[in-house]
Number of protein chains: 2
Amino acid sequence: MLNKRTEQVLFAIVQSYIASHEPVGSRFVTKKYSFNLSPATIRNIMADLEELGFLIQPHTSAGRVPTDRGYRFYVDYLPEHMAAVEEKNFLTAYMTRLESLKEDLNGVIEGAAKTLSENSSYIGVSAPLKPEKTTLNRVELFSYKGRHIAVMLLTNEGIIKHKLIRMEQEVSPRTLRRISDYLNQEFAGYGIDDIRLRLVREMSKEKAFCDILITKAMEICREALTFPAGDIYMYGLPEFIGLPDFSDRIKEIARAIEDKHLMVRLLEKVCQEPGGASVLIGSENPVKEMRGLSMVLAPYGQGGRPAGTVGIIGPTRMDYNRAITMVEATARFITDFLSDGA
Amino acid sequence: MLNKRTEQVLFAIVQSYIASHEPVGSRFVTKKYSFNLSPATIRNIMADLEELGFLIQPHTSAGRVPTDRGYRFYVDYLPEHMAAVEEKNFLTAYMTRLESLKEDLNGVIEGAAKTLSENSSYIGVSAPLKPEKTTLNRVELFSYKGRHIAVMLLTNEGIIKHKLIRMEQEVSPRTLRRISDYLNQEFAGYGIDDIRLRLVREMSKEKAFCDILITKAMEICREALTFPAGDIYMYGLPEFIGLPDFSDRIKEIARAIEDKHLMVRLLEKVCQEPGGASVLIGSENPVKEMRGLSMVLAPYGQGGRPAGTVGIIGPTRMDYNRAITMVEATARFITDFLSDGA
DNA sequence: CTTTAGCACTCTAATACCGAGAGTGCTAAA
DNA sequence: TTTAGCACTCTCGGTATTAGAGTGCTAAAG
C-alpha cells in the first residue's frame, strides 16, 4: 500500500513527533533523518500521507501531526525497527526495579501498576488476579460477636481475602468449624469458581429435601467464596495531568480514568486476548471519553491461562516503544512470579 | 481589635467572595448587604482591613479578596452567624446519605471519604482506624506452603487484617496452633499496641535464657500484629482539579495531595486534638506544597479516645460553613457507629 | 517520470495599542 | 464621621501589525 520510502518517512515523522510534541515540517525531516531528499520531495510525500489519512496539519502553515491512523502504522511497524541496544539497557534496568517487588507477596500486582507509572510518567494500571480465578488453599470461618461470621480465604496463589458476613441468626462455632472443615477437605486445590458452581448445584439438590440446616450451611459457603467485583490499581494520575497535553480536557479525562467500572471491563476484555501487548490508540478505544488517550495493555497468566491485565494509559503521542517494552516485561514478570515465586 | 461594624463588613466580603469567587467591590457590599452606608464609607473600612492584612486587592482597580487571615477571621466568626435553618435542612439530608454506609461493616470509613467528596465537590479524606489502636478479638495463624505463615487478625471493632509472613524455616501447624491459642487466651480484649509492647518485653526476657524456640514464637507473634502504616482513603481528585481555582498549579497540588505520607502525618496530628473540626487555612498548613489549599478535619473516636480523622481538602475559598457541618457530622457518625453499630 | 529550486501564499504567535469598564483613593463638602 | 464627586489606575477584550515557519505550486533539471 505504501512504498518503502513513504513508510520510512511516516515512521520518522511519528517518531519525531513523539519525541518533541511539535508538528514536524519537511525541512526537519530532511535534516534529522538522512533520506538524501530535498524538503520539496518530502513535502510531496507528506501531502500524500495526509491524503491517505496518516497525518494532518493543525493549520496551513504548521508541520504535520500523526493521526490515530498514523500512530497505528507506527506501532505495527515498530517491532521491525526497534533501536535494540538502548532499549535492552533500559529493559534490564527496569527488570531490576521490578525485582524489588518480590519482597511483598501480596503487593506484586499493585506494585506493578506503581512501577509502571513511575517509570513512564503515564498512568500505570493493573487488574488483580480475581479470587474467582484462583484455587483454594484453605478457608476458615469464625464466629464473631454472635451474629457475624468472619471469613478468611487463602488461595494457592498467595492471595488472602477476608470478609465479614452478617447473619440473621447466630451460628455456633462448632457448626462453622464443621462447615469449613467440609470445604477444606472437599475442595482444597479446586478453582474457586468451580467450587461456587458445585455449591449452587448441591444447594438446589438439598432444597428438594428441604433440609434447612444444610441449605443454610451451603449458603454460608457460597457467601464466603464470593467477593465484590475486583478493584483495579491505578497510579500516576497527578503526574499525568501535569503533562502539557491536555491542559483543557483535564477534567473530562480525569473522570474517565477514575471511572473504575469502565476500566475494569476494558482490562477484562484485553485479558482474554492472547499474545503480547495490545495497543489501543485514541479513537480505537471503545470508551469514548477516552478518545485522545492510548492504552498499552498485556495480560499476565496463571497456570497457563490469562488471569489479569497490566498496562499503561497515556496520551496518544506516548512513547509506544518504551511503553510496550515495559508492559510486556511487567506482564511476564507477574506471570513468572505467580508460577514459581510464592 | 475590630469594631462590630468592621467585622460585619469583613464577614460579608469573605462570604460574598466564597460564593462568587470574584473580587468584591465596595458598591457590591452596599447593595447586597444593607449596611446603610455609602460605597465611600465601605471603601474606607476596606482600606483599613487591607492595612490590617485581612484583605488584598489583586490589582489597583479590582475589588478585594480575603487573605488567609481574612478566612481565618471568617471561620472563627462563623459559629455565631450560621444561617441555621437552611443548614439544618442540608444536614439532615446529608445524614441520611451517611446512613446508607452502615450496610457494609468494613466500608464505613472509606465510604465516609467518598460521601464527603461527593457532597462537596472537594476532596474527601479519611484515615482508617489503625489496627494498633484496636483491641484483639482473635488472631489465627496458618501454615502456608511450608515456609509461609498466613495471619488473620480480627478486632473487636470489626476490622479484619491479614498478612503473609515469609519464614526462614518451616514452622509446624501444631506450633502455630499453640502460638495462636496462646495469643488468644492471653490477650483477647487487650489493645493491639499493648500486646505488642508486652511481647517485646517478654522477648528480651526470654532472650536472656537463650530459648531460641520461644524467642522465635514471640517474634512471630510480634510480626503477626504489626501492619504497614495505614493508608488513607481519598476521593474526588478528578472533580477537584476541574475546579477553576488552580488551572495553573494543578500539577504541584495534585502531587502534594497524592503524597500519602504527608497526609497521614497531618491527619494523625489532628487526630490528637480534641473537640470539633479543625480548620487549616492556606499558609497555616504545615506542609508547604499545600499552601493555597484549606483543610477541614475532625477526629472520630473509639471507646472515648480519638482513633482516626476524616476531613475535606479544598481551595482556600471553599465553603467553610458547609464543610464544617459535613465533616463534623461525618466524624460523629463514625464515632457512633463504632460504639454501637458493629 | 521524478526530483528540486524558487517563490508567493497562508496561518500563527507575539506585540503593541486602544477604549471601555470597574473600582479605587482622595478631597472637600455635608 | 459620612458622603458625593472626580480623577486616576489597572484589567480585559478587541484590533492591527509583524516576523517566522511551513506549505503548495510551478517550472526547470536530472
Side-chain angles (χ1 to χ4, degrees), chain A residues 2-10 12-17 19-67 70 244-245 247-248 317, chain B residues 2-10 12-17 19-67 70 244-245 247-248 317:
Chain A
L2 298 176
N3 68 50
K4 194 100 185 173
R5 197 182 62 182
T6 314
E7 286 189 348
Q8 283 172 346
V9 172
L10 178 50
I13 292 173
V14 179
Q15 190 167 62
S16 155
Y17 183 74
S20 71
H21 315 171
E22 305 228 318
V24 0
S26 54
R27 224 182 92 86
F28 184 84
V29 175
T30 59
K31 275 210 154 177
K32 182 97 183 197
Y33 305 81
S34 26
F35 286 112
N36 288 325
L37 289 174
S38 76
T41 313
I42 301 290
R43 274 206 288 282
N44 286 329
I45 299 176
M46 285 165 103
D48 292 346
L49 285 170
E50 180 164 6
E51 217 165 307
L52 291 168
F54 292 104
L55 301 175
I56 41 161
Q57 7 185 8
H59 54 83
T60 326
S61 90
R64 253 83 169 196
V65 167
T67 60
D245 296 76
S247 35
D248 33 357
R317 53 138 266 289
Chain B
L2 299 175
N3 68 50
K4 194 96 185 175
R5 196 181 63 182
T6 315
E7 286 188 347
Q8 283 171 346
V9 171
L10 178 50
I13 291 173
V14 179
Q15 191 166 59
S16 154
Y17 183 74
S20 71
H21 315 170
E22 306 230 316
V24 1
S26 54
R27 224 180 92 86
F28 184 83
V29 174
T30 59
K31 274 208 157 179
K32 181 99 181 194
Y33 305 82
S34 27
F35 285 113
N36 289 326
L37 290 173
S38 77
T41 313
I42 300 291
R43 275 205 289 282
N44 285 330
I45 299 175
M46 286 166 102
D48 292 348
L49 285 169
E50 179 163 8
E51 217 165 307
L52 291 168
F54 291 105
L55 302 174
I56 42 159
Q57 8 184 6
H59 53 85
T60 328
S61 90
R64 255 83 170 196
V65 167
T67 60
D245 296 75
S247 34
D248 33 356
R317 54 140 259 303

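Here is the naming used below: chain letters follow the sequence lines, and residue numbers restart at 1 for every chain.
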Note on DNA chain C: ranges paired as stems (three or more Watson-Crick/G-U pairs in a row, both atom distances under 3.5 Å) are C:1-30 with D:1-30

Has [X] got a side-chain N or O lying under 4.0 Å from the OP1 or OP2 atom of [N]?
X: B:Arg64; N: C:dT24; answer: yes
X: A:Thr60; N: C:dT12; answer: no
X: B:Gln57; N: C:dG25; answer: yes

Listed partners of [X] passing side-chain hydrogen bond (donor to acceptor under 3.5 Å, both in side chains), at least two apart:
X: A:Ser61; result: none
X: A:Asn3; result: A:Thr6
X: A:Thr30; result: none
X: A:Thr67; result: none

Between [N] atom [atom2] and [X] atom [atom1], what is the distance in whole Å?
X: A:Ile42; N: D:dG24; atom1: CD1; atom2: P; result: 13 Å
X: B:Phe35; N: D:dT2; atom1: CZ; atom2: C1'; result: 16 Å
X: A:Arg27; N: D:dG22; atom1: CZ; atom2: P; result: 8 Å
X: B:Glu22; N: D:dC12; atom1: CD; atom2: P; result: 11 Å
X: A:Ile13; N: D:dG22; atom1: CD1; atom2: C1'; result: 13 Å
X: B:His59; N: C:dG23; atom1: NE2; atom2: C1'; result: 9 Å

Quick one, A:Leu2 with A:Leu52, criterion side chain to side chain contact (heavy atoms under 4.5 Å, CB included). Give me CA distance, side-chain angles, the key distance, then yes/no.
CA-CA 10 Å; A:Leu2 298 176; A:Leu52 291 168; 3.6 Å; yes

4.5 Å side-chain heavy-atom contact, A:Gln15 and A:Tyr33
yes

Approximate separation, where rounding is to 0.5 Å, of B:Leu37 CG and B:Gln8 CD
10.0 Å

List the atom pairs, donor and acceptor, that lie under 3.5 Å between side-chain atoms in residues 20-28 of chain A and the rest of the protein, sequence neighbours left out.
residue, atom, partner, partner atom, Å
A:Ser20, OG, A:Ser16, O, 3.1
A:Ser20, OG, A:Glu22, N, 3.1
A:His21, NE2, A:Ile18, O, 3.3
A:His21, NE2, A:Arg317, NE, 2.9
A:His21, NE2, A:Arg317, NH2, 2.8
A:Ser26, OG, A:Arg43, NH1, 3.2

Return the residues of residues 45-52 of chain A meeting this criterion: a heavy atom under 4.0 Å from some atom of DNA chain D. Order them by number, or give none.
A:Met46

Could you list the residues that satisfy salt bridge (charged side-chain N to carboxylate O under 4.0 Å, His left out) with B:Glu7, not counting sequence neighbours?
none

B:Phe54 and its side chain to side chain contact (heavy atoms under 4.5 Å, CB included) partner, picked from B:Asp48, B:Ile13, B:Leu10:
B:Leu10

A:Leu55 to A:Pro66 - nearest heavy-atom pair and separation:
CD2-CA, 3.8 Å

I'd like a list of close polar pairs between nucleotides 3-6 of chain D and the protein, N/O only, cut-off under 3.5 Å.
residue, atom, partner, partner atom, Å
D:dT3, OP2, B:Ser38, N, 3.0
D:dT3, OP2, B:Ser38, OG, 3.4
D:dT3, OP2, B:Thr41, OG1, 2.4
D:dG5, O6, B:Arg43, NH2, 3.4

Which residue pairs pass the salt bridge (charged side-chain N to carboxylate O under 4.0 Å, His left out) test with at least one member in residues 53-65 of chain B, sequence neighbours excluded?
B:Glu50-B:Arg64

Contacts under 3.5 Å, N or O only, protein and nucleotides 15-22 of chain C:
residue, atom, partner, partner atom, Å
C:dA22, N3, B:Ser61, OG, 3.3

